[in-house]
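Right, one structure below, let's go through it.
All values below were derived from every heavy atom in this structure, side-chain atoms included, with hydrogens, water molecules and symmetry-related copies excluded. Chain naming here is simple, since letters A, B, ... match the order of the sequence lines and numbering starts at 1 in each.
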2 protein chains.
Amino acid sequence: MQNRLANIILFHRKRSGLTQQELAELAGVGKNMVYELESGKQSVRLENLLKVLQVLNIELDFHSPLREAFLKEYSDAKG
Amino acid sequence: MQNRLANIILFHRKRSGLTQQELAELAGVGKNMVYELESGKQSVRLENLLKVLQVLNIELDFHSPLREAFLKEYSDAKG
DNA sequence: CTGTCTTTCCCTGTAAAAAGGGAAAATATC
DNA sequence: GATATTTTCCCTTTTTACAGGGAAAGACAG
């Protein structure tokens, strides 16, 4: 348990009553992947992180000084 | 240009006046990595994504139904 | 149109993330 | 304290992301 992301995942998994193994199966990743995520390893594939977050109903967002400008242009472009 | 993350990165890079190559050098990753990020590839390593986001001054955040509960417990635990 | 810069997308070798098995350590349940 | 469950952390093999080089395609300036 080292970084914020690891904590977020651990917290949500515990609240959902899942073991690492169960979460791994639901996300379609290996059990070791979940363990590594929760121990703060940052060399995991983004793909696999996203699968795990999806199972736990966690959405990623960003913020930056350009956030508003981006959202305007992005929604304009996408309709 | 496929997903939201790719768009965010492209937008911020353009606004900062950097080429893919320059961003890659600043982030300490290969030029192909930046290209892949911007073309929506999700198999990149989280580590490398974070390096790129840091150069562009983009912070990741999350939200979920348990967000408030997590923040409370997390700040309590960390002081 | 011509030359410069940038992006897209090949290629190759190397490093390492992946899954899955297994077993000791830790934690929880009785 | 014994037993069951879960987590931590080994191992091996397979897969693949990575850097860096290179070159065609695209964008942009003079």
Side-chain angles (χ1 to χ4, degrees), chain A residues 1-58 60 62 64 66 69-70 72-74 76-78, chain B residues 1-58 60 62 64 66 69-70 72-74 76-78:
Chain A
M1 202 201 297
Q2 295 172 43
N3 59 35
R4 185 179 169 85
L5 181 62
N7 278 294
I8 291 169
I9 290 171
L10 174 65
F11 181 85
H12 283 76
R13 177 174 66 79
K14 285 295 185 190
R15 282 296 191 98
S16 71
L18 295 170
T19 65
Q20 290 178 351
Q21 178 94 33
E22 288 166 338
L23 175 54
E25 278 161 17
L26 288 171
V29 302
K31 68 178 181 13
N32 290 327
M33 241 291 304
V34 173
Y35 164 67
E36 284 168 356
L37 263 180
E38 289 186 358
S39 59
K41 208 163 167 228
Q42 297 201 320
S43 52
V44 297
R45 282 213 303 246
L46 175 61
E47 201 174 21
N48 286 339
L49 167 62
L50 295 177
K51 286 187 201 164
V52 168
L53 293 183
Q54 203 167 0
V55 170
L56 296 175
N57 199 23
I58 301 172
L60 279 190
F62 79 100
S64 80
L66 297 179
F70 170 77
K72 183 169 188 320
E73 199 164 297
Y74 190 67
D76 286 356
K78 301 214 70 158
Chain B
M1 203 200 297
Q2 295 174 44
N3 58 36
R4 185 178 168 86
L5 181 62
N7 278 294
I8 291 168
I9 290 170
L10 175 64
F11 181 84
H12 283 75
R13 178 175 64 79
K14 285 294 184 187
R15 281 299 190 96
S16 70
L18 295 170
T19 65
Q20 290 179 350
Q21 178 94 30
E22 288 166 337
L23 174 55
E25 279 161 17
L26 288 171
V29 302
K31 69 180 179 13
N32 290 327
M33 243 291 303
V34 173
Y35 165 66
E36 285 169 357
L37 264 180
E38 290 186 359
S39 59
K41 207 162 169 232
Q42 297 202 319
S43 52
V44 297
R45 283 211 304 245
L46 175 60
E47 202 174 20
N48 286 338
L49 167 62
L50 294 177
K51 286 187 202 165
V52 168
L53 293 183
Q54 202 166 2
V55 170
L56 296 176
N57 200 23
I58 301 172
L60 279 190
F62 79 100
S64 81
L66 299 178
F70 170 78
K72 184 171 187 319
E73 200 164 297
Y74 190 68
D76 285 357
K78 302 215 65 159

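In this structure, B:Lys51 and B:Asn48 have side chains that are in contact, with non-hydrogen atoms separated by less than 4.5 Å. Between B:Leu5 and B:Leu49 there is a side-chain heavy-atom pair separated by less than 4.5 Å. Using a 4.5 Å heavy-atom threshold, the side chains of A:Arg4 and B:Tyr74 count as touching. Between A:Leu46 and B:Arg45 the shortest side-chain heavy-atom distance does not fall below 4.5 Å.
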(message) Does A:Leu50 form a side-chain contact (heavy atoms from CB on, under 4.5 Å) with A:Gln54? I'd like the steps, not just the answer.
(response) CA-CA 6 Å; A:Leu50 295 177; A:Gln54 203 167 0; 5.9 Å; no
(request) Apply the test side-chain contact (heavy atoms from CB on, under 4.5 Å) to residues A:Phe62 and B:His12: give CA-CA distance (whole Å), side-chain angles for both, the deciding distance (0.1 Å), then the verdict. (result) CA-CA 12 Å; A:Phe62 79 100; B:His12 283 75; 3.7 Å; yes
(request) Apply the test salt bridge (Lys or Arg N to Asp or Glu O under 4.0 Å) to residues A:Arg13 and A:Glu38: give CA-CA distance (whole Å), side-chain angles for both, the deciding distance (0.1 Å), then the verdict. (result) CA-CA 10 Å; A:Arg13 177 174 66 79; A:Glu38 289 186 358; 2.6 Å; yes
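Of the possible polar contacts, one joining the B:Asn7 side chain to the B:Asn3 backbone as a donor-acceptor pair under 3.5 Å is found. With hydrogens and angles ignored, the 3.5 Å screen pairs no side-chain donor or acceptor of A:Glu25 with any backbone N or O of A:Glu22.
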Distances under 3.5 Å between nitrogen or oxygen atoms of protein and nucleotides 25-30 of chain C:
none

Protein N or O to nucleotides 3-7 of chain D N or O, pairs below 3.5 Å:
unit_1: D:dT7; atom_1: OP1; unit_2: A:Arg13; atom_2: NH1; d: 2.6
unit_1: D:dT7; atom_1: OP1; unit_2: A:Arg13; atom_2: NH2; d: 2.9
unit_1: D:dT7; atom_1: OP1; unit_2: A:Lys14; atom_2: NZ; d: 3.3
unit_1: D:dT7; atom_1: OP2; unit_2: A:Gln20; atom_2: N; d: 2.9

Please list, pair by pair, any protein nitrogen or oxygen found under 3.5 Å from a nitrogen or oxygen in nucleotides 15-19 of chain D.
unit_1: D:dA17; atom_1: O5'; unit_2: B:Ser43; atom_2: O; d: 3.4
unit_1: D:dC18; atom_1: OP1; unit_2: B:Arg45; atom_2: N; d: 2.8
unit_1: D:dC18; atom_1: OP1; unit_2: B:Asn48; atom_2: ND2; d: 3.0
unit_1: D:dA19; atom_1: OP1; unit_2: B:Gly30; atom_2: N; d: 2.7
unit_1: D:dA19; atom_1: OP2; unit_2: B:Gly30; atom_2: N; d: 2.8
unit_1: D:dA19; atom_1: O5'; unit_2: B:Gly30; atom_2: N; d: 3.3

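The local environment of CD in A:Glu47 is crowded, with over 12 non-hydrogen atoms from other residues, nucleotides or ligands closer than 6.0 Å.
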